[in-house]
Amino acid sequence: MARHLITSALPYINGIKHLGNMVGSMLPADVYSRYLRQRGHDVLYICATDEHGTPAELAAKEQGLPVAEFCGQAHDAQKAVYDGFGLAFDHFGRSSSAQNAELTQHFARKLNENGFIEERAIRQVYSPADGRFLPDRYVEGTCPHCGYDKARGDQCENCTRVLDPTDLINPRSAISGSTDLEVRETKHLFLLQSKLQVEVEEWIARTAGEWPQLASSIARKWLTEGLHDRAITRDLDWGVPVPADTWPELAAEGKVFYVWFDAPIEYIGSTKEWSDQNPADRDWKSWWYEADDVRYTQFMAKDNVPFHSVMFPATEMGVREPWKKVDYLKSFNWLTYYGGKFSTSQKRGIFTDAALEILPADYWRYFLIANAPESDDSSFTWEHFAATVNKDLADTLGNFVNRVLSFSRKRFGDDVPAGKEAGEAEAKLGTEIAALLAEYEAQMEALQFRKAASALRALWSAGNSYLEEKAPWLEIKTDPEAAALTLRTAMNLIHLYAVVSEPFIPASSKAMRGAFALADDTATWVTAEQAAALDAVPAGTAFTVPPVLFAKITEEDLESYRERFGGAPE
């Protein structure tokens, strides 16, 4: 089986993330990782908090904490939420780690040795009121491209265009709000991306053909516009320091590397963190260096695509070492909240900690993946959320499990009944289930998550159709052995659902699987032959009826959610 390296975009350290962040990177990466593990592949899923740059400093200042202390607390808080969502990272690291600092400085030195870094004097925004230079996000203003009046000095959140602070119209300090800004001269390191344009173009031509159109079009748009040399250092107190052995003057001035230079390197750094926890059994370098046997898949929202499709690959090329570059970049559009954008900075939408306070993780996991913004933006509304949960999870899956097990216990006791030999209806069902499972697998392999959710839903629906056709509540009156066969077949479906639904709803899958007292239940997936046979749970197996898997969301629930989070009823 193949080795699969999977990374999701690093969440910023400045606060708990919203549902848009979750569905745009970490959750689909987790679903895919779980699926690949179940299919027997060697998988390494890596993520980390992105702890450098102005967001960390500004958030720490707002809370009155030293930035290192703030980042430590925020990392733990984010990790607790991701654990609550069931995200099965192999390692969730920190970009402020010693491993990332070491690797970032190594990359910078190599780029410099190869002629791809240059020290330049530039004119930069300075705030007399704050007594300091203002790097990227410390400057806010109006985007010159789309007119958005809350654009940051590194990127416009509205149109995703990359900016310099001096590009902004009516700029102001993000620290004091002062508009009394000057432009003064200072020195910074520049990554000479222009010298790597041809190499990146050739690599994109070879690699991006199978990427989603969203990702490949963004990458090609950047290349068409031309790669520009970009400053990779900033005037900040917090970050990976410029190494004094290579740039003593800049190191003495306290320059640190730009967060978008060191953050992608943290994918490697976090892998080394993972390896350093158990170096005898883990080899981080085999996943990243001369790793021709590794397939590397990245997950991110569209605003992160330029940095991962062009800037980081250019960095990897420039070091002239065989570091692993992305094979498949899975990008997502926006999840909106009643048509408006989720926003961490503006605290608009549902945040992941609040989501878990309301309902268990599986409700959110299923809804978000089933409505993932793959081909276009998708909108979250409470009405849509409730309809999806009630129809797909409560009625189609949860009700099937509950009524099968409850009815069988009532009529046949605590063991799976034997009944008749399987007949024509069961053979037809097995053929249908095997075909639906193949469709589900195909969509998961293609990373088409909405289509995979639709295929999974069809698997669940097939069980309900079989149950309605056979009607064991009627069979029991005239042919108890026929009813027993129907219930035994349905219980085998429940076990199958437990196995194949695990990437989407891991907690519920565990509960379904745990309903059966199978002595050696080690199956990680279901083959086509096993799906057709539906005999994984033999007659005589003891079972229990688990608690209700999914409670319906009522109108009263909806009213309370809208009152707390906003959103008009549709």
Side-chain angles (χ1 to χ4, degrees), residues 6 8-9 11 17-39 43 45 47 81-82 84-89 212 214 297-302 328 330-337 342 349-350 352 355-356 359-381 384-394 396-398 436-437 439-461 497-510 549-550 553:
I6 296 171
S8 52
K17 304 299 111 176
H18 54 66
L19 294 183
N21 297 125
M22 179 63 69
V23 73
S25 58
M26 290 172 283
L27 180 56
D30 178 72
V31 170
Y32 187 56
S33 298
R34 286 176 176 273
Y35 170 76
L36 290 175
R37 290 189 190 106
Q38 286 188 264
R39 300 306 306 274
V43 177
Y45 177 22
C47 193
V81 172
Y82 304 146
F85 264 85
L87 302 184
F89 304 115
L214 177 65
T297 306
Q298 295 177 342
F299 290 80
M300 70 199 64
K302 59 187 176 183
Y328 191 86
K330 177 64 176 178
S331 55
F332 292 85
N333 287 282
W334 303 129
L335 176 70
T336 65
Y337 186 68
F342 278 80
I350 307 163
T352 48
L356 293 177
L359 291 166
D362 282 359
Y363 292 62
W364 301 104
R365 287 178 64 103
Y366 177 77
F367 173 83
L368 291 171
I369 293 298
N371 296 278
E374 291 177 294
S375 59
D376 206 347
D377 292 350
S378 60
S379 178
F380 178 94
T381 69
H384 187 202
F385 176 68
T388 301
V389 167
N390 291 347
K391 180 181 178 183
D392 294 356
L393 296 180
T396 304
L397 178 60
L436 290 171
L437 179 60
E439 171 66 13
Y440 176 53
E441 292 170 350
Q443 299 301 342
M444 289 292 282
E445 297 287 346
L447 287 86
Q448 293 294 318
F449 291 101
R450 293 179 72 143
K451 292 179 179 178
S454 179
L456 181 60
R457 188 187 310 119
L459 275 165
W460 299 341
S461 295
Y497 295 161
V499 174
V500 303
S501 302
E502 191 264 347
F504 280 70
I505 47 172
S508 305
S509 292
K510 183 178 180 181
L549 292 177
F550 302 100
I553 298 173

Decide yes or no on ring-ring contact (aromatic ring centres under 6.0 Å, His included) for F550 and W364, but give the supporting numbers first. CA-CA 12 Å; F550 302 100; W364 301 104; over 10 Å; no

In this structure, is the centre-to-centre distance between the rings of Y337 and H18 below 6.0 Å?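 Aromatic pair excluded; centres sit 6.0 Å or further apart.
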
So, for W460 and Y366, is the gap between ring centers shorter than 6.0 Å?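 Between W460 and Y366, the centre distance is under 6.0 Å.
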
Is there a side-chain contact between [X] and [Y] (heavy atoms, below 4.5 Å)?
{"X": "R37", "Y": "Y32", "result": "no"}
{"X": "L549", "Y": "I505", "result": "no"}
{"X": "F85", "Y": "M26", "result": "no"}
{"X": "L397", "Y": "D392", "result": "no"}
{"X": "S8", "Y": "Y45", "result": "yes"}

Using 0.5 Å steps for rounding, measure from the CG atom of N371 to the NE2 atom of H384.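 Interatomic distance, N371 CG to H384 NE2, rounded to 0.5 Å: 4.0 Å.
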
[Y] and [X] side chains, donor-acceptor separation under 3.5 Å:
{"X": "S508", "Y": "D362", "result": "yes"}
{"X": "Y35", "Y": "E445", "result": "yes"}
{"X": "Y82", "Y": "T352", "result": "no"}

State whether Y328 and K330 meet the cation-pi test: NZ (Lys) or CZ (Arg) under 6.0 Å from the six-membered ring centroid, and within 45° of the perpendicular axis.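 No, K330 does not sit over the ring of Y328.
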
Going through the checks in order, is the salt bridge (Lys or Arg N to Asp or Glu O under 4.0 Å) test met by E439 and K451? CA-CA 9 Å; E439 171 66 13; K451 292 179 179 178; over 6 Å; no

